[in-house]
Amino acid sequence: MPEEPDVMLGYMDIYHAAAIVEAISTWAGFEHAIDSLIWSLARLEPEQGACLTAQFQGITSRMDALISLARVEHISEAHITELNRLRSDLNGPREKRNRLVHDQWFYGAESKRHYRLQVTARGRLDHTYKLVTHEELAGISEEFLALDERFHVIRSGVLSDFYASP
């Protein structure tokens, strides 16, 4: 068991919980926007498209499908390059999202701070408590929102190409 910073309680103040939910919800909106563009390029209604994209396990498979569809639909190479650049920039944010969702959260009885218990084993075990401040969570939400805004700019260009093609 990892060394505990102080006595850990399975408790979280409501403001911290709300900040976690805000970040997760922002990421979910980002994924939905990607799904929606996939449905458009595949010429599917949302219900039919959702039957397919609901099977994707995360952002990487969504981006791979989107980029492949963009190529099939002859979207400009400039927009495909932007999509590829966005895809490569998602590794860090994707990991932050996963930690928010999959790690157990604790409240330090003595420190009065919030921690998440990170349990990963990618070649090396990381089984440690990580301090997470409210400010850090707000920054993660802002990072996710910036990705979503960046995607919507790219999306506009992709759809312009798509609807302009014969």
Side-chain angles (χ1 to χ4, degrees), residues 12 16-105 114-128 130-163:
M12 185 181 308
H16 208 75
I20 293 168
V21 169
E22 180 180 4
I24 292 168
S25 181
T26 301
W27 185 269
F30 174 52
E31 284 190 356
H32 179 73
I34 293 168
D35 287 351
S36 178
L37 184 54
I38 289 170
W39 306 336
S40 294
L41 294 185
R43 296 176 175 85
L44 295 170
E45 293 297 323
E47 291 79 14
Q48 287 78 11
C51 290
L52 300 174
T53 57
Q55 306 310 312
F56 295 166
Q57 295 296 311
I59 197 80
T60 303
S61 56
R62 284 175 166 77
M63 289 301 296
D64 287 345
L66 177 57
I67 292 165
S68 296
L69 277 167
R71 289 186 190 286
V72 167
E73 292 301 328
H74 307 290
I75 302 303
S76 73
E77 198 56 43
H79 291 119
I80 291 172
T81 298
E82 290 178 63
L83 288 169
N84 274 310
R85 202 171 287 132
L86 177 64
R87 183 192 182 285
S88 69
D89 291 345
L90 292 175
N91 291 334
R94 180 191 68 223
E95 183 61 20
K96 289 177 187 177
R97 178 264 179 208
N98 288 344
R99 299 290 41 96
L100 290 174
V101 171
H102 297 293
D103 290 351
Q104 186 175 5
W105 289 85
H114 290 88
Y115 299 86
R116 60 179 179 74
L117 178 56
Q118 180 160 315
V119 182
T120 57
R122 294 184 192 106
R124 181 179 302 228
L125 176 64
D126 185 359
H127 192 226
T128 56
K130 308 287 185 181
L131 173 67
V132 182
T133 66
H134 189 75
E135 293 76 22
E136 185 179 351
L137 290 171
I140 291 170
S141 284
E142 289 173 15
E143 180 181 3
F144 292 175
L145 186 58
L147 285 170
D148 187 54
E149 290 170 353
R150 179 177 163 194
F151 176 74
H152 278 81
V153 170
I154 297 168
R155 178 183 181 274
S156 293
V158 168
L159 287 174
S160 290
D161 284 0
F162 180 68
Y163 290 121

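- A heavy-atom distance below 4.5 Å is found between the side chains of Leu117 and His127.
- In this structure, the side chains of Glu77 and Arg71 come closer than 4.5 Å at one or more pairs of heavy atoms.
- With salt bridges taken as basic N to acidic carboxylate O contacts below 4.0 Å, none links Lys96 and Glu136.
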Quiz item: Can you list the steps and then say if Leu41 with Val158 is a side-chain contact (heavy atoms from CB on, under 4.5 Å)?
Solution: CA-CA 9 Å; Leu41 294 185; Val158 168; 4.1 Å; yes
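- The number of heavy-atom neighbours closer than 6.0 Å to NE2 of His152, taken from other residues, nucleotides and ligands shown, is above 12.
- At least one side-chain heavy atom of Phe56 sits less than 4.5 Å from a side-chain heavy atom of Ile38.
- Although no hydrogens or angles enter the test, the distance criterion places a donor-acceptor pair under 3.5 Å between the side chain of Ser88 and the main chain of Arg85.
- Minimum heavy-atom separation, Ser141 to Thr26: O-CG2, 4.1 Å.
- For the residue pair Phe30 and Leu147, the shortest heavy atom distance occurs at CE1-O, 3.7 Å.
- Contact annotation: the side chain of Val153 never approaches that of Arg150 to less than 4.5 Å [non-hydrogen atoms, C-beta and beyond].
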Exercise. Evaluate the side-chain contact (heavy atoms from CB on, under 4.5 Å) criterion for residues Leu90 and Thr60: first the C-alpha distance (whole Å), next the side-chain angles of each, then the deciding distance (0.1 Å), finally the verdict.
Key: CA-CA 8 Å; Leu90 292 175; Thr60 303; over 6 Å; no
Quiz prompt | Derivation and outcome, side-chain contact (heavy atoms from CB on, under 4.5 Å), residues Phe162 and Arg43 | solution = CA-CA 11 Å; Phe162 180 68; Arg43 296 176 175 85; 3.7 Å; yes
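- Atom CD1 of Ile75 and atom CG of Asp161 lie 5.0 Å apart (nearest 0.5 Å).
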Self-check item: Residues Arg99, Thr120; criterion side-chain contact (heavy atoms from CB on, under 4.5 Å); working and verdict
Solution: CA-CA 9 Å; Arg99 299 290 41 96; Thr120 57; 3.5 Å; yes
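- No donor-acceptor pair closer than 3.5 Å links the side chain of Trp39 to the backbone N or O of Glu47.
- His79 is not listed as a side-chain neighbour of Ser160, based on a closest heavy-atom distance of 4.5 Å or more.
- A distance-only check finds no donor-acceptor pair linking the side chain of Ser36 to the backbone of His32 [under 3.5 Å].
- Side-chain atoms of Ile140 and Trp27, non-hydrogen and from C-beta on, never get closer than 4.5 Å to each other.
- Pairing each heavy atom of Arg62 with each of Thr53, the nearest pair is NH2-O, 3.5 Å.
- Side-chain contact check for Arg87 and Asn84: no donor-acceptor pair (N or O, by modelled atom type) lies under 3.5 Å.
- Within the model, atoms CG of Asp148 and CD of Glu143 stand 13.0 Å from one another, a figure rounded to the nearest 0.5 Å.
- In summary, Lys130 and Asp103 do not engage in a salt bridge, as defined by a charged side-chain N under 4.0 Å from a carboxylate O.
- Minimum interatomic distance between Ala19 and His134 (heavy atoms only, all atoms of both residues): CB-CE1, 3.5 Å.
- How far CD1 of Ile80 is from OG of Ser68: 9.5 Å, rounded to the nearest 0.5 Å.
- Atoms CD and CG, on Glu142 and Leu145 in that order, are 8.0 Å from each other to the nearest 0.5 Å.
- Between Ile59 and Arg97 the shortest side-chain heavy-atom distance does not fall below 4.5 Å.
- Considering all non-hydrogen atoms of both residues, Thr133 and His16 come closest at C-CE1, 3.8 Å.
- If you take CD on Glu73 and CG on Leu66, they are separated by 11.5 Å, rounding to the nearest 0.5 Å.
- Taking all atoms of both residues into account, the shortest heavy-atom contact from Glu82 to Ile154 is OE1-CG1, 3.4 Å.
- Between His114 and Leu137 there is no side-chain heavy-atom pair separated by less than 4.5 Å.
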